[in-house]
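Residue numbers start from 1 in every chain, and the chains themselves are labelled A, B, ... in the order their sequence lines are given, proteins ahead of strands. Excluded from the calculations below are hydrogen atoms, water molecules and symmetry mates; all remaining heavy atoms, backbone and side chain alike, are included.
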Amino acid sequence: MTEPDNAALTPFYYRDNYLRLCDTVEAQYGDILGAAEREMLHTFRSLGFDAQCLYVRLISRTGPWFRESKLAYAELGPTPPILDELLAHEMVEEASALSPAELGKLFTRSELLQVFCPPDQPTPPDKPSLLHSIEQLQLREDVTLAALCTLDSQRIVAPRGVELTEYLQLLFFGNRQQSLTDFVLQDLGLTRYYPYPLDPEHRLFASREALEEYVTCATLGDTHYTLLEAGEQEALPALAAQLLPMNPRFASSEKRWHRLCNNLARDLERLDECEMALQLYSRSQRHPARERRARILESVGDWTAARAVCEEILDSPWCEAEREAAERILPRVNRKLGGPRQARRRDSFADIALTVPRGSESVEELAAQALQQQWQAVHYVENALMNTLFGLAFWEQIFAPVPGVFHIPFQSAPADMYDRAFRIRREHSLATRMQQLREENLATILAESYQRYQHYECRWTHWRYISLELVEACARIIPPEHLLAIWERMLFDPAENRRGFPDLIALGAAPGEYCLIEVKGPGDALQDSQKRWLRYFQAHDIPAQVAWVEWRDD
DNA sequence: ACCGGCCACACAGTC
DNA sequence: AGCTGACATG
DNA sequence: GACTGTGTGGCCCATGTCAGC
Ligand SMILES: [Mn+2]
Ligand SMILES: [Mn+2]
């Protein structure tokens, strides 16, 4: 047990952070909380210190039910009187009946055996079947609970207001993933967020309706997942029927809704529910909705409609991947409609053949080792290197205080990082920065940026994998005009063009002596995103090649 | 944005 | 026993 | 060989404990 570095960490940091969260949310969203919710917050604040601490522990752990005996916190003293207080204020409720499934989460296999299986009877082989056989007993749920309490006379409790807590966290973080844990990680110094200025003026959720709309989308997403998990595909059309009449009105839930439409539609395709899939896709404004529509229409033989969708895409593509898909589909469809056969563009990239012995390492590692002989150093970097360099080059623009993009102090990128709007809203500062990068010493800029911003959370930088030394070596050897060209394309579409970079970078001794190398093992092929970068490299005379690996059999 | 989304890869079926 | 996954923890 | 679909594994603090198998 080591002492935390951060002296601010008290034994009560969970409670302290929860209060910070409540304060922030009440200040920012007081108007959209209901009377009952504010009342509950008031009750919480009126509790004694220990009761507050225990309550926050309860809502931070996976419940909903807890055995009193499992609630032991050294910093709080005996649990029973604290629970008494929480029960008295109705912040906690006591179980009076529990289902077999709930029992399974609370009691061990041997405890359940002890109570429900007489020693002379055959014992179920594992816990699931044990729970099943308890179900078969058809006991009343309060009876089963009473039976178990004979071996553990302590109470079984659940915190109330869990859904309020979920709402508070959602309002604070703007998503359902982050939680009090993020405060803790911050306190522990495990994560550090760049101190960009927050603007409380622009809040994420405009109104109670916006919040509810988001929660509805999230719940439908949960249902989707649960149905898949349970193998209940037949219920998916009904889920789609719930999704379709929705009309998301708030920006805060739009992206989520579109993604949900796409995900669900994809599953409906697999069920041959093409009609419904088409309806969902046509409501979605997110790639690959239009591509999927074109493919469905092609597969059902509606070539006229398929052509129309392709033309719509080509007219104003959402991204390059979408345009390429339309360019592949359209000629096929045109031929069906009696058009001429068209010659296809063929790529040809510089390549080498490698024959290496099989090893336990990945094919990329093995290829890197084989290439070590011809180069000073070969690094297996994939997307991490170029994304890190991008983050270093444009840190100030990424974290610039554009209105409305920084809501909370736990962001690793602005809210619009992957939107079309990102580039447009920072047009001027990005242009100025590009100019500066063109004119000044890139190696110095990148190294200084690395040292200044190292350890701050950023979607682009990979501090662990990409060392300062590697950044310096790359900045010395890769010609600035190459890096600038790469960054231009990344800025053009930061979402799409952050992937597809070659696996390896091989570095020589002198400036210009380097090569980006995509490793392809037997059976692997270039992906579309990789081809797009390789084409771009060709067009800009950036040295890149594909290394086709074969196994040397001995 | 961790019961999810994103990568890259492996493999199979089609033309 | 030895391994794994879920969970809680700082 | 190109294209398409599908399914996979890793990656997201690190570490210890416990229950299950
Ligand atoms: Mn790769
Ligand atoms: Mn590769």
Side-chain angles (χ1 to χ4, degrees), chain A residues 1-6 9-11 13-14 17 57 60-63 66 70-75 104-112 125-130 170 173-192 218 221-230 255-256 259-260 262-263 266-267 269-270 291-292 295 298-299 324-325 327-329 331-332 335 344-347 362-364 382-384 387 408 410-413 415 417-418 457 459 462 464-465 495-496 498-503 518-531:
Chain A
M1 171 104 38
T2 55
E3 279 301 304
D5 302 337
N6 195 328
L9 195 68
T10 76
Y13 57 88
Y14 266 90
N17 284 323
R57 287 289 185 176
S60 307
R61 285 174 56 172
T62 41
F66 300 93
K70 301 282 179 188
L71 304 176
Y73 291 97
E75 73 275 16
K105 289 195 203 164
L106 285 173
F107 295 94
T108 67
R109 194 171 94 95
S110 68
E111 285 171 326
L112 293 170
D126 53 23
K127 199 164 177 179
S129 48
L130 169 58
L170 178 53
F173 290 108
N175 60 59
R176 295 195 310 162
Q177 285 67 53
Q178 289 178 298
S179 65
L180 284 180
T181 301
D182 291 78
F183 282 93
V184 177
L185 297 180
Q186 175 93 322
D187 289 345
L188 288 166
L190 289 170
T191 53
R192 291 174 59 197
D222 289 347
T223 309
H224 182 202
Y225 175 83
T226 317
L227 290 177
L228 283 191
E229 196 73 348
K255 267 189 273 190
R256 176 167 280 267
R259 190 156 45 215
L260 187 51
N262 285 359
N263 291 344
R266 200 69 186 81
D267 285 323
E269 279 190 71
R270 298 186 175 109
E291 176 189 334
R292 297 308 317 165
R295 291 190 192 284
E298 183 193 13
S299 76
E324 288 185 354
E327 281 169 351
R328 284 196 295 253
I329 298 166
R332 288 199 302 263
R335 278 209 62 222
R344 226 187 356 244
R345 168 189 61 189
R346 275 199 52 118
D347 293 307
S362 69
V363 66
E364 292 87 357
E382 239 162 30
N383 299 321
N387 284 344
I408 60 164
F410 300 97
Q411 289 180 231
S412 55
M417 185 73 248
Y418 298 135
E457 293 294 313
R459 208 65 73 70
H462 301 261
R464 288 202 203 145
Y465 295 109
E496 187 173 42
R498 74 195 135 142
R499 59 179 184 261
F501 289 104
D503 294 313
E518 171 55 36
V519 178
K520 284 297 162 196
D524 193 6
L526 287 171
Q527 296 163 224
D528 292 341
S529 63
Q530 294 171 335
K531 287 185 195 170

Return the polar atom pairs (N/O with N/O) between nucleotides 1-5 of chain C and the protein under 3.5 Å, or none.
none

Dump every N/O contact between nucleotides 10-15 of chain B and the protein below 3.5 Å, one line per pair.
none

Can you tabulate the close N/O pairs, meaning under 3.5 Å, that link protein atoms to atoms of nucleotides 3-5 of chain D?
residue, atom, partner, partner atom, Å
D/dC3, O3', A/Arg332, NH1, 3.3
D/dT4, OP1, A/Arg295, NH1, 2.9
D/dT4, OP1, A/Arg332, NH1, 2.8
D/dT4, OP1, A/Arg332, NH2, 2.8
D/dT4, OP2, A/Arg328, NE, 2.5
D/dT4, OP2, A/Arg328, NH2, 3.3
D/dT4, O5', A/Arg295, NH1, 3.3
D/dG5, OP1, A/Arg292, NH1, 3.1
D/dG5, OP1, A/Arg292, NH2, 2.9
D/dG5, OP2, A/Arg292, NH1, 3.2

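Of all heavy-atom pairs between A/Ser529 and A/Gly500, the closest is OG-CA, 3.6 Å. Summarising the geometry of A/Glu327 relative to A/Pro331, their closest heavy-atom pair is O-CD, 2.9 Å, with the distance given to 0.1 Å. Across all their heavy atoms, A/Pro502 and A/Glu518 have their closest contact at CA-OE1, 3.5 Å.
Ion pairing between A/Arg295 and A/Glu298 fails under the 4.0 Å rule for side-chain N and carboxylate O.
The structure places CD of A/Gln530 at 7.0 Å from CG of A/Asp524, a figure rounded to the nearest 0.5 Å. One distance of note links CG of A/Leu180 with CD of A/Gln186; it measures 13.0 Å at 0.5 Å rounding. Atoms CG and CG, on A/Asn263 and A/Leu228 in that order, are 9.5 Å from each other to the nearest 0.5 Å. Between atom CZ of residue A/Arg57 and atom OH of residue A/Tyr73 there is a gap of 5.0 Å, rounded to the nearest 0.5 Å. Between the CZ atom in A/Arg499 and the CG atom in A/Asn387 there is a gap of 11.0 Å [rounded to 0.5 Å].
Taking side-chain N and O atoms only, A/Gln530 has no distance below 4.0 Å to OP1 or OP2 of B/dA8. For the OP1/OP2 pair of C/dG10 and a distance below 4.0 Å, the side-chain nitrogens and oxygens of A/Arg57 include at least one atom meeting the criterion. The side chain of A/Asn383 contributes no N or O atom lying less than 4.0 Å from OP1 or OP2 of B/dC7. The shortest distance between the side-chain N/O atoms of A/Tyr13 and the OP1/OP2 oxygens of C/dG10 is below 4.0 Å. Between A/Gln186 and D/dC13 there is no side-chain N or O to OP1 or OP2 distance below 4.0 Å. OP1 or OP2 of C/dA6 has not a single side-chain nitrogen or oxygen of A/Arg61 nearer than 4.0 Å.
Note on A/Asn263: only backbone sugar-phosphate atoms sit closer than 4.0 angstrom, heavy atoms only; bases stay farther off. A/Glu457 comes within contact range of no nucleotide atom at all, as no heavy-atom separation falls under 4.0 Å. Counting any heavy atom pair closer than 4.0 Å across all strands shown, A/Lys105 reaches no nucleic acid atom. Within 4.0 Å of A/Tyr418, counting heavy atoms only, lies no atom of the nucleic acid at all. Residue contacts shown for A/Arg464 are limited to sugar-phosphate atoms, with no base heavy atom under 4.0 Å away. Using a 4.0 Å heavy-atom cutoff across all strands shown, A/Tyr73 reaches sugar-phosphate atoms only and no base atom.
Here the separation of D/dC11 from C/dT9, taken at their P atoms, is 26 Å to the nearest Å. One P atom belongs to C/dA8, the other to D/dG10, and the distance between them is 25 Å to the nearest Å. Rounded to a whole angstrom, the distance from the P atom of B/dC3 to that of B/dA8 is 22 Å. Straight-line distance between the C1' atoms of C/dG10 and D/dT8: roughly 34 Å, to the nearest whole Å.
Applying the salt bridge (Lys or Arg N to Asp or Glu O under 4.0 Å) rule to A/Glu382 yields no partners; only residues at least two apart in sequence or on another chain are considered. By the side chain to side chain donor-acceptor pair (under 3.5 Å) test, A/Arg176 is found to be paired with A/Asp222, residues two or more places apart in sequence or in another chain being considered.
Rounded to an integer number of Å, the gap from A/Leu170 CG to B/dA1 C1' is 12 Å. Protein atom CD of A/Glu324 is 14 Å distant from nucleotide atom C1' of D/dA2, rounded to whole Å. Distance, A/Phe410 CZ to D/dC13 P: 14 Å, rounded to whole Å. Rounded to whole Å, atom P of D/dA2 lies 17 Å from atom CD of A/Glu327. If you take CZ of A/Arg176 and P of B/dC3, they are 10 Å apart, rounded to a whole angstrom. One can place CG of A/Asp182 at 11 Å from C1' of D/dC13, the figure rounded to the nearest angstrom. Rounding to whole angstrom units, CD1 of residue A/Ile408 and P of B/dA1 are separated by 12 Å. Between the CG atom of A/Leu526 and the C1' atom of B/dC7 there is a distance of 16 Å, given to the nearest Å.
Ring pair A/Tyr13/A/Phe183: centre-to-centre distance not below 6.0 Å.
Proximity of A/Lys127 to A/Leu112: side-chain heavy atoms (C-beta onward) are separated by under 4.5 Å at one or more points. At a threshold of 4.5 Å between non-hydrogen side-chain atoms, the residues A/Ile408 and A/Gln178 count as touching. A/Arg328 has its side chain within reach of A/Asp528: a pair of non-hydrogen atoms, C-beta onward, lies under 4.5 Å apart.
Nearest to the side chain of A/Glu382, among B/dA1, C/dG10, B/dA8, sits B/dA8. You'll find that the side chain of A/Arg259 is closest to B/dG5, out of B/dC7, B/dC9, B/dG5. When distances run from any side-chain atom of A/Arg499 to the nucleotides B/dA8, B/dA1, D/dA2, the shortest one goes to B/dA8. Between B/dA1, B/dC9, D/dC13, one nucleotide has an atom nearer to the side chain of A/Leu185 than all others, and that is D/dC13.
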Nucleotide-resolved protein contact map, nucleotides 15-21 of chain D, B/S/- at heavy-atom distance under 4.0 Å | -----SS

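With hydrogens and angles ignored, the 3.5 Å screen pairs no side-chain donor or acceptor of A/Asp267 with any backbone N or O of A/Arg270.
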